[in-house]
Amino acid sequence: MTDSRAHLATICLSVGVLLVLWQGLSMALDSRALPAPTLVLAVLLAGIETGELPYHVGITLARVAVSFFLAMAIGCAIGLAMGQRRAIDRFFDPWLILLLNVPALVTIILCYIWFGLTEAAAIAAVAVNKIPNVAVTMREGARALERQYADVARVYRLGRWKTLRHVVLPQLAPFLAASARSGLALVWKIVLVVELLGRSDGVGFMLHLFFQLFDVAGILAYTIAFVAVVLLLELGVFQPWERRASAWRA
């Protein structure tokens, strides 16, 4: 058996044991607080059939995508500027430390108070929480750039665009991939809080609704559906990208 098949078999065994334990504990407690996995599956399939679950998951994913790309663009620009210019780094470093330590909940509440319960406020709250993390990672990437490669590019007169494409970006790619992976994990969690506090659709809104109804099966069904989508993105996009981005260093 190959390593990949052995790894897959271990994962299937682990998930199977978890489901068995969940089913057994649910039967032993016989409580609405812990519904059986079969009931959660039924709720999930019913939500898919009516179209309600895909709709709310799609809304949340759209907010995640916009917030993610906005945070990555701004954070990369800030991080590169701070990594390449010491004066900029010294001036803005206290700002970065402050933003890194402000709780996400505070940022969300302030954005809603200042800008209202709008879509723009929700996106801004998520992006502001992620930008400092991206900036820190990309600052380290800019500091780690090998200067001799840039000197070689100047000797061969590659030009600004070719130097960026063939010299700078390959060195920054591992840092960019790392910030993207960690960013996705952070952004989608904050988006759920944003939706719970001030939106009328999305997975976070539905979780709040199920909480008010004490519908644990609904909470688990929407959670499993959204986590499954995020894991597919992680395994199918971000992990392969990070491996390719780091391959040149091997």
Side-chain angles (χ1 to χ4, degrees), residues 60-115 119-145 164 168-199 202-204 226-227 229-246 249:
T60 298
L61 284 176
R63 291 187 179 120
V64 168
V66 174
S67 304
F68 174 80
F69 286 112
L70 185 62
M72 289 296 296
I74 297 175
C76 285
I78 294 173
L80 292 176
M82 294 179 69
Q84 294 178 337
R85 299 287 186 272
R86 288 187 178 181
I88 296 176
D89 185 37
R90 285 195 296 267
F91 184 84
F92 286 105
D93 188 61
W95 296 29
L96 207 57
I97 294 173
L98 175 64
L99 291 173
L100 284 169
N101 288 280
V102 173
L105 184 60
V106 173
T107 305
I108 295 168
I109 292 173
L110 288 176
C111 284
Y112 276 149
I113 291 175
W114 290 339
F115 307 115
E119 194 69 30
I123 298 299
V126 180
V128 168
N129 277 290
K130 174 56 186 169
I131 287 171
N133 301 85
V134 178
V136 168
T137 304
M138 296 310 297
R139 178 176 63 180
E140 296 306 312
R143 289 173 176 174
L145 289 175
L164 176 65
V168 177
L169 287 182
Q171 295 181 75
L172 291 177
F175 296 92
L176 187 60
S179 63
R181 284 188 63 194
S182 63
L184 179 65
L186 178 64
V187 164
W188 77 261
K189 294 171 185 175
I190 299 175
V191 166
L192 295 187
V193 179
V194 166
E195 292 176 342
L196 187 147
L197 291 177
R199 306 310 300 145
V203 174
F226 191 68
V227 169
V229 174
V230 174
L231 283 177
L232 286 175
L233 289 174
E234 168 71 14
L235 297 174
V237 178
F238 288 102
Q239 285 190 10
W241 175 32
E242 187 172 30
R243 286 195 295 268
R244 287 196 299 270
S246 303
R249 293 180 180 271

Closest approach of A142 to Q84 (non-hydrogen atoms, all atoms of both residues):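 Taking A142 first and Q84 second, the nearest heavy atoms are CB-CG, 4.2 Å.
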
E140: which residues meet the salt bridge (charged side-chain N to carboxylate O under 4.0 Å, His left out) condition with it, sequence neighbours left out?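 E140: salt bridge (charged side-chain N to carboxylate O under 4.0 Å, His left out) contacts with R143.
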
side-chain hydrogen bond (donor to acceptor under 3.5 Å, both in side chains) pairs, two or more places apart, involving residues 186-198: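 Non-adjacent pairs meeting side-chain hydrogen bond (donor to acceptor under 3.5 Å, both in side chains): T60-E195, R63-E195.
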
I need the full list of side-chain hydrogen bond (donor to acceptor under 3.5 Å, both in side chains) pairs touching residues 100-110, with sequence neighbours left out, sorted by first then second residue.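 side-chain hydrogen bond (donor to acceptor under 3.5 Å, both in side chains) check on residues 100-110 returns no pairs.
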
Could you give the distance from [atom1] ([X]) to [atom2] ([Y]), rounded to the nearest 0.5 Å?
| X | Y | atom1 | atom2 | answer |
| --- | --- | --- | --- | --- |
| F91 | L96 | CZ | CG | 13.0 Å |
| I74 | I78 | CD1 | CD1 | 6.5 Å |
| I88 | D93 | CD1 | CG | 13.0 Å |

Salt bridge (Lys or Arg N to Asp or Glu O under 4.0 Å) pairs, two or more places apart, involving residues 72-88: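 Found none.
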
Could I get the full list of ring pair (Phe, Tyr, Trp, His ring centres under 6.0 Å) partners for F92, not counting sequence neighbours?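 F92: ring pair (Phe, Tyr, Trp, His ring centres under 6.0 Å) contacts with W95.
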
When the side chains of residues 121-138 are checked against the rest of the protein, which donor-acceptor pairs come out under 3.5 Å, sequence neighbours left out?
| unit_1 | atom_1 | unit_2 | atom_2 | d |
| --- | --- | --- | --- | --- |
| N129 | ND2 | A125 | O | 2.7 |
| K130 | NZ | S179 | O | 3.3 |
| T137 | OG1 | N133 | O | 3.1 |

